[in-house]
Amino acid sequence: DKAYLLNLSAPEMAVLIGGLRSLGISATAASMVNDNQNQLSNDFFVSLLDINTDLVPNGINSYEQAKSDKTVSFSRVDLMFASNSELRAIAEVYASDDSETKFANDFISAWTKVMNLDRFDIH
């Protein structure tokens, strides 16, 4: 519903969520997957789609991914990127090894689109 209200496509909403998670922006501190919260990266999608780890419930609407060096938790919203076929296809594009530039460019484009929504002087 929020994506529709913001006039965002599924890829635009996905890249915004993944980008904000990689920057450490989350209401519940979920999905903090990289150590450098000041760098935009596709680590959220890489970590979410890692098939070598198990997810276990660790609270209401929260799941934990145990890694060797640290524990990462994901919300139910995050897990939709792994379970929904359309969202998973988008996540796989952004999680690929050669997609960091595409991820950054798409995030910048989607972020600019959202930030310009209430600027009636440019429409």
Side-chain angles (χ1 to χ4, degrees):
D1 291 341
K2 294 291 183 186
Y4 176 77
L5 291 174
L6 293 171
N7 196 28
L8 294 173
S9 65
E12 290 170 330
M13 190 66 172
V15 76
L16 279 175
I17 290 174
L20 292 173
R21 294 290 200 267
S22 77
L23 293 171
I25 300 171
S26 173
T28 62
S31 311
M32 305 304 172
V33 295
N34 57 1
D35 294 327
N36 187 356
Q37 301 292 313
N38 296 320
Q39 181 178 355
L40 181 66
S41 71
N42 64 345
D43 290 342
F44 167 76
F45 293 114
V46 172
S47 181
L48 181 63
L49 299 179
D50 185 4
I51 62 171
N52 296 321
T53 58
D54 293 326
L55 293 173
V56 293
N58 70 343
I60 298 174
N61 295 326
S62 182
Y63 299 86
E64 189 173 273
Q65 180 186 44
K67 289 190 168 192
S68 60
D69 56 342
K70 69 177 186 174
T71 301
V72 178
S73 65
F74 291 103
S75 71
R76 248 184 215 204
V77 172
D78 298 335
L79 296 182
M80 287 191 325
F81 289 104
S83 62
N84 179 282
S85 60
E86 182 180 350
L87 294 176
R88 184 173 181 98
I90 295 166
E92 286 177 355
V93 168
Y94 290 129
S96 64
D97 291 337
D98 60 349
S99 71
E100 289 190 25
T101 302
K102 176 178 177 35
F103 176 78
N105 290 337
D106 290 355
F107 179 83
I108 292 167
S109 176
W111 181 260
T112 302
K113 181 177 180 178
V114 170
M115 292 297 108
N116 287 331
L117 284 176
D118 66 345
R119 294 205 46 209
F120 300 108
D121 59 323
I122 61 172
H123 294 286

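Just so you know, these numbers come straight off a predicted model, no measurement behind them.
Taking CG of Asp43 as the start and OG of Ser22 as the end, the distance is 7.0 Å to the nearest 0.5 Å. To the nearest 0.5 Å, the span separating CG on Asn105 from CZ on Phe103 amounts to 11.0 Å. Atoms CZ and CZ, on Arg21 and Phe45 in that order, are 10.0 Å from each other to the nearest 0.5 Å. With rounding to the nearest 0.5 angstrom, the CE atom of Met115 is 13.5 Å from the CD1 atom of Ile108.
In this structure a side-chain-to-backbone donor-acceptor pair under 3.5 Å is missing from Asn84 to Phe81. At least one donor-acceptor pair closer than 3.5 Å links the side chain of Lys113 to the backbone N or O of Asn7. Side-chain N or O atoms of Ser83 include one that pairs as donor or acceptor with a backbone N or O of Leu79 at under 3.5 Å. Under a 3.5 Å cut-off, the side chain of Glu92 and the backbone N or O of Ala89 do not form any donor-acceptor pair. Proximity of a side-chain donor or acceptor of Ser99 to a complementary backbone N or O of Val93 within less than 3.5 Å is detected.
Leu49 and Phe74 fall into different hydrophobic clusters, defined by Ile, Leu, Val, Met, Phe, Trp and Tyr side-chain heavy atoms under 4.5 Å apart, directly or through other members. Under the 4.5 Å side-chain heavy-atom criterion for ILVMFWY residues, a single connected hydrophobic cluster contains both Tyr94 and Met13. Residues Leu6 and Leu87 share a hydrophobic cluster, clusters being chains of Ile/Leu/Val/Met/Phe/Trp/Tyr side chains in contact below 4.5 Å. By the rule that hydrophobic residues join a cluster once side-chain heavy atoms approach within less than 4.5 Å of another member, Leu117 and Trp111 end up as members of one cluster. Hydrophobic clustering (ILVMFWY, side-chain heavy atoms < 4.5 Å, transitive): Leu23 and Leu48 are in one cluster.
Of all heavy-atom pairs spanning Pro11 and Ile90, the tightest one is N-CD1, 3.7 Å. Nearest heavy-atom pair, Ser96 versus Asn42, reported as atom, atom and distance to 0.1 Å: O-ND2, 3.5 Å. Shortest non-hydrogen contact noted between Glu12 and Leu8 is OE1-CA, 3.3 Å. Minimum interatomic distance between Val114 and Leu16 (heavy atoms only, all atoms of both residues): CG2-CD1, 3.8 Å. Looking at every heavy atom in both residues, Ala95 comes nearest to Val46 through O-CG2, 3.4 Å.
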Checklist entry - Are Asp78 and Ser75 close enough, and set up right, to give a side-chain hydrogen bond (donor to acceptor under 3.5 Å, both in side chains), and what steps lead you there? => result CA-CA 5 Å; Asp78 298 335; Ser75 71; 3.2 Å; yes
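In terms of the side chain to side chain donor-acceptor pair (under 3.5 Å) criterion, residue partners of Asn61 (sequence neighbours excluded) are, by chain and number, Arg76.
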